[in-house]
Amino acid sequence: MANIKYHLGEEIPLEMHKVRMIQRLDLVPIERRLEAIKEAGNNTFLLYNKDIYLDMLTDSGVNAMSDNQMAAMMTVDDSYAGSATFTRLKDKLSDIFDKKYFLPVHQGRACENLLSMAYVRKGTYVPMNYHFTTTKAHIMVNGGEVLELHMSEALNPVSSDPFKGNMNLDALNELIEKEGADKISFIRLEAGTNLIGGQPVALENYIATSKIARENGIPFIIDASLLADNLHFIKTREEKYKDHSIREITKLLSETADIIYFSARKLGHVRGGGIITNDESVYKTLLEMLPLYEGFSTYGGMSTREMEAMVVGLEETMDEEMINQGPLFIKYMINELLKHGVPVITPPGGLGAHLNAMEFLSHIPQEEYRAGALASALYIASGVRGMERGTVSEEREADGSDHLAAVELLRLALPRRVFTLSQVKYTIDRVVWLYENRKLIGGLEFYEEPKVLRFFFGKLKPTSNWQEKLVEKFKQDFGDSL
Ligand code: F0G
């Protein structure tokens with residue numbers, strides 16, 4: 001996004017790319033949208049793309065790829081073992097992160113599986129700035145407990161703290177003192193806290209966390225899935241690093257970690273994942289598990305075409321003009337929604353715009369899944385698919401009661417370079433309409449509920465006929481407009 005001043009004064013993020021391949025979209029009528037969300041059990045994961053206008057479920061694996069990435073896919077070496085593609089990817093990672101060893105895996109949670117199996121023991125803790133759904137599930141399956149040591153601002157929806165994702169260092173020191181380093185499997189920092197609005201971590205906080213980890217002999221692991229946004233925020237929000245290049249910031253950040261893992265569905269803009277380290281013993285431990293769960297050590301379950309495109313995608317991540325596209329579109333969307341009084345998470349983070357469903361739907365009991373209800377209502381009103389990030393995304397307590405989430409968010413992900421500004425404006429328009437008509441929205445209840453990661457396949461139904469009433473109001477206000 002070039003630094004452009006506008007004569008007319010409006011602040012508009014300006015794209016430094018053009019569209020050279022397109023996919024046709026349809027906006028189905030509201031009657032079909034109502035039917036579709038019912039068929040999907042009010043779970044946006046279960047909608048089919050034919051019924052979706054703008055897919056803001058996630059950026060995972062759906063960021064736009066560049067012409068150079070597509071071209072690279074044609075020059076692949078697809079040997080099962082020892083391919084030149086693997087060597088190119090390993091060399092690119094080591095060039096960017098200064099880490100010698102690379103273990104390829106099929107996606108981010110596969111890293112979490114391997115790392116949890118290797119490090120987590122029954123009765124141990126994994127302190128982190130905030131959990132991610134799959135991370136927590138893998139740690140729990142291996143008998144460990146996740147401890148979220150975030151700053152108090154992290155959960156404050158309206159904040160001016162530029163780094164709400166920071167680890168609470170005092171709490172970390174206290175934990176180590178109280179429990180002893182032996183009880184801690186590893187310390188995890190998520191570069192950009194997915195579940196609390198893509199809020200970043202300051203480079204100073206990585207450095208300080210790493211110092212504590214090293215002094216106490218505890219492995220320090222960074223989840224770099226959301227690293228691209230975090231790099232942009234360090235450069236633009238952390239005074240000390242404003243003159244550093246993205247490449248320099250990446251090196252400084254990487255230096256702090258013993259192990260870095262990532263979902264390449266986000267970092268690198270393809271579909272895959274990986275673990276990198278300089279520690280030979282870590283590498284050897286994980287390598288033993290790799291062929292059993294992922295694949296041979298030079299592809300790890302990934303398509304070699306994706307690996308080749310990842311080489312290019314990682315290099316493009318070092319370009320501030322590329323990594324700022326997501327955050328600047330998100331900032332635009334958040335600022336426009338704020339103008340209309342819609343409760344959103346501030347400051348704008350990475351990954352997507354996050355609506356604060358806790359406040360948006362404060363008239364619904366939290367037990368009736370505010371964020372889930374908002375996801376359902378927005379889809380009906382617009383054909384836009386968002387993702388519930390609240391109580392539905394939590395696991396139940398051991399006694400079977402619902403674990404009420406600290407935040408109830410509807411995430412509207414903005415995959416990089418995918419949507420146009422007019423599509424973003426359409427979404428803003430429908431969100432504002434929904435906010436003005438929020439009292440029409442009611443709650444949801446489960447009628448099919450899986451035991452683990454229930455948000456993927458669980459099905460819910462409305463607690464009243466509020467969805468029909470919402471459709472009625474839409475037709476009154478918009479006539480026969482889609
Ligand atoms: N860590 C973080 C911070 C993530 O955001 C994700 C995925 C993972 C790990 C797991 O990676 O999906 O490749 O297995 N987040 C996706 C999302 C699912 O929609 O935000 P994965």
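From a predicted model like this one, the values you see are computed outputs, not experimental measurements. Both counts, for ligands and for their atoms, begin at 1 and track the order of listing.
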Next on the checklist: Students should be able to answer this: which protein heavy-atom is nearest to atom 8 (C) of ligand 1, and at what distance?
Outcome noted: F132 CE2, 3.6 Å
Next on the checklist: When you compare the side chains of S185 and T124, does any donor N or O come within less than 3.5 Å of an acceptor on the partner?
Outcome noted: yes
Checklist entry - Any N or O of T58 that comes nearer than 3.5 Å to an N or O of ligand 1? => result yes
N/O donor to acceptor pairs below 3.5 angstrom from side-chain atoms of residues 94-103, sequence neighbours left out:
from : atom 1 : to   : atom 2 : distance (Å)
K99  : NZ     : S254 : O      : 2.9
K99  : NZ     : A257 : O      : 2.8

Checklist entry - Between the side chain of K164 and the main-chain N/O of N156, is any donor-acceptor distance below 3.5 Å? => result yes
Checklist entry - Considering only protein heavy atoms, which is closest to atom 15 (N) of ligand 1, and at what distance to one decimal place? => result K266 CE, 3.1 Å
Item to check | Protein contact of atom 13 (O) of ligand 1 - nearest heavy atom, named by residue and atom, plus distance | outcome: S263 OG, 2.6 Å
Checklist outcome for this item: Candidates D59, T193, D223, L57; heavy atom nearest atom 2 (C) of ligand 1 found on D223
Next on the checklist: Test your reading of the structure: does R109 have an N or O sitting under 3.5 Å from an N or O of ligand 1?
Outcome noted: yes
Checklist entry - Can you tell which part of H106 has a heavy atom less than 4.0 Å from ligand 1: side chain, backbone, both or neither? => result neither
Checklist entry - Cut-off 3.5 Å, side chains only: do E15 and Q325 have a donor facing an acceptor? => result no
Checklist entry - Under the ring pair (Phe, Tyr, Trp, His ring centres under 6.0 Å) test, which residues partner F419, sequence neighbours left out? => result none
Checklist entry - How far is atom 5 (O) of ligand 1 from its nearest protein heavy atom, and which residue and atom name does that atom have? => result N194 ND2, 2.7 Å
Item to check | atom 9 (C) of ligand 1 - nearest protein heavy atom and its distance | outcome: E112 OE2, 3.3 Å
